[in-house]
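One structure below.
Each chain gets a letter, A, B and so on, in the order the sequences are listed, and its residues count up from 1.
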There are 2 protein chains.
Amino acid sequence: MVERGGSGVPGGRRKQRVSMADVAQLAGVSSQTVSRVSNGHPGVISSTREQVLAAMRELGYRPNSAARALRYGQFNTIGVILFSLSSTGNSRTVEAIATHAAAEGYAITLIPIDVPTQDNVLGAFTRMGELAADAVIVIMEIHLLDAATVQLPPGVHVVVVDSDAGDRHSVVDTDQADGARKAVRHLLDLGHRTVWHVTGPETSFAGQRRTQAWRAVLEEAGCPVPPPLYGDWSAESGYAAGLALADEPDCTAVFASNDQMALGLLRAFHERGLSVPRDVSVVGFDDIPDAAFFVPPLTTVHQDFAEVGRRCVQGVLSQIRTQGDPRPGTDLVPTSLVVRNSTAAPR
Amino acid sequence: MVERGGSGVPGGRRKQRVSMADVAQLAGVSSQTVSRVSNGHPGVISSTREQVLAAMRELGYRPNSAARALRYGQFNTIGVILFSLSSTGNSRTVEAIATHAAAEGYAITLIPIDVPTQDNVLGAFTRMGELAADAVIVIMEIHLLDAATVQLPPGVHVVVVDSDAGDRHSVVDTDQADGARKAVRHLLDLGHRTVWHVTGPETSFAGQRRTQAWRAVLEEAGCPVPPPLYGDWSAESGYAAGLALADEPDCTAVFASNDQMALGLLRAFHERGLSVPRDVSVVGFDDIPDAAFFVPPLTTVHQDFAEVGRRCVQGVLSQIRTQGDPRPGTDLVPTSLVVRNSTAAPR
DNA sequence: GTCCAGCATGTTTACGTAAACATGCTGACC
DNA sequence: GGTCAGCATGTTTACGTAAACATGCTGGAC
């Protein structure tokens with residue numbers, strides 16, 4: 001925290017930064033005593049303590065975290081490398097990470113990657129390495145980390161969200177496959193002959209998992225597997241898919257890989273005069289807060305982003321505290337199906 | 001960045017941390033030479049440089065940012081204190097802040113405040129003071145900062161988003177009033193006799209500004225001012241307001257203080273058999289990506305969150321670089337009205 | 001051949017903090 | 001009354017880095 005010269009520092013106009021030594025001098029004690037007061041250590045008589053505190057107030061002293069970190073060898077900070085903060089779940093995951101980290105006395109340092117090239121990912125890691133972070137959480141829905149070419153630097157505590165690198169890293173993720181199975185089975189249980197599907201982008205690991213599960217359930221149930229429609233998470237792509245599906249006379253049920261695309265479907269069907277759920281049933285994924293207020297309210301798969309964030313923090317902290325190797329493996333957070341009014345039995 | 005013992009460090013199993021001295025020893029040079037190589041300084045002969053780089057690779061050296069920050073007196077980090085990351089604009093603002101900061105070589109440290117009490121805000125500031133940050137951006141839509149009781153510590157570079165503390169701090173914000181005026185005038189221009197309004201929460205500065213502007217435009221135009229309906233930004237509160245408004249025979253136009261509440265309105269009107277925009281026109285605020293795919297596509301006020309983030313970064317960086325006092329004042333980012341299909345002339 | 005400029009590299013020091021160790025005083029106990 | 005335990009406080013040192021200054025070598029000019 002760089003101080004502006006002047007304000008709050010009555011005497012020294014040019015003094016850029018107040019150190020323990022300054023406080024010590026004003027209080028007439030050694031800097032070690034200031035340190036003891038600053039850290040609440042015992043063994044400082046109360047009159048001395050008061051003097052030191054007064055000097056701190058007068059000078060506007062605030063401890064220098066760089067020096068502290070240097071001394072302690074840690075920063076009490078967790079780095080978060082992510083691709084997009086705006087995508088549905090990420091901001092909520094990050095918020096949960098920040099909240100839980102704060103509860104443990106850790107702050108969060110964000111490094112966004114605008115274009116997810118391998119260079120940028122590595123660059124972010126380098127930067128993070130140069131920054132103050134005791135561990136790193138990587139939120140990277142794309143497949144980069146799965147490619148053997150991109151490796152996270154060894155010797156760093158890492159937890160990865162939304163990846164299938166569970167063989168090499170410690171991974172936390174929503175149980176995408178289970179969520180998708182719930183969605184598709186729900187539609188089949190209602191009596192639909194089969195379920196159409198709007199995918200996420202091909203680069204998305206989560207999207208692929210959902211699509212795989214959709215296909216698996218259909219095959220398992222002996223249902224025909226319609227060709228999937230390719231979306232990119234946006235409502236617009238869902239809308240486009242919806243216009244196409246409206247022309248499919250056989251289509252009575254659609255599983256969209258997220259709620260935004262489901263929203264696009266709803267609008268497309270509405271424009272084409274198809275009633276949801278009377279003519280077509282729609283299930284989404286994510287359970288964004290707005291989903292309950294779509295027309296009609298959307299049946300969707302609820303993701304517990306807060307829990308994902310919590311487990312990430314838990315994961316890195318346990319690595320930090322035990323100084324242990326990251327335990328490769330995947331920690332899956334369960335989902336639940338929220339049934340609203342966008343699904344019904346076919347006519 | 002704390003290293004795990006062992007991996008990547010062939011020789012020293014117990015070596016926790018690789019320093020320049022270790023690299024220097026292995027390369028047979030002084031640590032200063034390592035420093036020069038590390039920072040790309042000239043004056044190192046290429047053969048020496050290669051040796052040093054090789055040693056760095058072998059040991060997995062990464063610079064220690066704490067030591068660096070201590071040496072340089074700055075962290076290349078901007079702290080962001082915010083209330084909620086999930087609320088519509090914040091995540092996009094933060095993302096823009098992070099992106100622009102990254103472009104300038106700065107990272108972002110997030111401190112979330114779960115419950116916005118004064119104690120917590122001050123606590124966050126204290127924590128931030130103890131953390132590595134050269135400046136702070138406060139994103140706090142609530143009124144806390146406006147109360148004279150909560151003061152930001154003097155001597156810290158600060159930019160505040162979403163506040164009316166422009167007399168005391170450097171403030172960046174969307175031009176809420178102008179956006180609201182555009183929305184209300186649009187409806188009046190279409191021929192509506194007056195415009196009803198669903199507010200944001202009372203604690204929100206932005207919400208208050210929008211509501212004030214709504215009222216001002218109506219009064220200016222000599223229109224009757226209907227009692228505002230109180231919302232809390234959620235679609236649910238918009239839905240409740242919509243059910244109430246559906247019973248108002250005079251209501252032909254509604255200005256909702258955000259898009260989520262507008263979504264709630266749309267659903268309520270739909271359920272009550274009112275057609276939008278034939279029976280009622282609706283305007284939102286924010287222009288969330290989904291708004292274009294509501295049924296019907298929502299006319300709304302577009303906020304340029306990215307620009308807000310950009311100006312925040314610009315603001316703190318100029319403070320850092322000039323070491324100048326923050327220049328109190330409010331930097332307003334303009335809005336634009338996006339006309340879609342939820343508004344029409346009254347019947 | 002001498003001298004010095006110029007350059008690669010080494011040495012010293014300081015950044016602010018806090019652990020570890022040192023000091024010196026008070027007071028209780030024999 | 002002397003000794004020493006206990007405690008408040010001071011001093012030394014190290015954390016890792018990089019600026020500032022020091023050193024010592026090479027080679028060109030006279």
Between C1' on C/dA20 and CZ on A/Arg71, what's the gap in Å once rounded to a whole number? 9 Å
List for me each residue that meets salt bridge (charged side-chain N to carboxylate O under 4.0 Å, His left out) alongside B/Arg311, sequence neighbours excluded, and say none if there are none. B/Glu307, B/Asp331
Between D/dA19, C/dA19, D/dT17, which nucleotide gets closest to the side-chain atoms of A/His41? C/dA19
Let me know the distance between OH of B/Tyr61 and C1' of D/dA18, rounded to the nearest Å. 10 Å
What side-chain donor-acceptor pairs closer than 3.5 Å can you find for residues 44-55 of chain B, not counting sequence neighbours?
{"residue": "B/Arg49", "atom": "NH2", "partner": "B/His41", "partner atom": "O", "Å": "3.3"}

Holding to side chain to side chain donor-acceptor pair (under 3.5 Å), I want the full list of residues that pass it with B/Thr33, two or more places apart in sequence or in another chain. B/Ser30
Can you check whether A/Asn64 has a side-chain N or O nearer than 4.0 Å to OP1 or OP2 of C/dC15? no
Taking N or O atoms only and anything under 3.5 Å, show me the protein contacts with nucleotides 22-28 of chain D, one pair per line.
none

If you compare every side-chain N and O of B/Tyr72 against the phosphate oxygens of D/dT17 (OP1, OP2), does one of them come in below 4.0 Å? no
Return each pair, listed once, that meets salt bridge (Lys or Arg N to Asp or Glu O under 4.0 Å) where at least one residue sits in residues 29-46 of chain B; pairs must be two or more places apart or across chains. none
Rounded to whole angstroms, how far apart are CD on B/Gln25 and P on D/dG16? 13 Å
Could you tell me how far apart A/Gln74 (CD) and C/dA18 (P) are, to the nearest whole angstrom? 13 Å
Just so I know, are the side chains of A/Leu26 and A/Leu59 near enough to count as touching, which here means a heavy-atom distance under 4.5 Å? yes
Using the rule given for side chain to side chain contact (heavy atoms under 4.5 Å, CB included), can you reason through A/Val94 versus A/Ile139, listing the C-alpha separation, both sets of side-chain angles and the distance that settles it, and then say yes or no? CA-CA 9 Å; A/Val94 169; A/Ile139 303 179; 3.9 Å; yes
What residues form a side chain to side chain contact (heavy atoms under 4.5 Å, CB included) with B/Ala103, not counting sequence neighbours? none
Whole angstrom value for the distance that separates P of C/dA18 from CG of A/Leu70: 11 Å
B/Asn39 side-chain N/O to D/dA18 phosphate OP1/OP2 under 4.0 Å: yes
Between C/dA14 (C1') and A/Met20 (CE): distance, integer Å: 15 Å
Would you mind building the protein contact string for nucleotides 5-11 of chain C? One character per nucleotide, 5' to 3', B for base within reach (heavy atoms under 4.0 Å), S for sugar-phosphate only, - for untouched. ---SBBB
Listed partners of B/Ala21 passing side chain to side chain contact (heavy atoms under 4.5 Å, CB included), at least two apart: B/Ser19
N/O donor-acceptor pair under 3.5 Å between A/Asp134 side chain and A/Ile78 backbone: no
Tell me which pairs pass salt bridge (Lys or Arg N to Asp or Glu O under 4.0 Å) where either residue lies in residues 76-85 of chain B, with sequence neighbours left out. none
A/Thr99 side chain vs A/Glu95 backbone, donor-acceptor pair below 3.5 Å: yes
Global bending angle along the helix from C/dG1-D/dC30 to C/dC30-D/dG1, which compares the axes of five pairs at either end, to 10 degrees: 70°
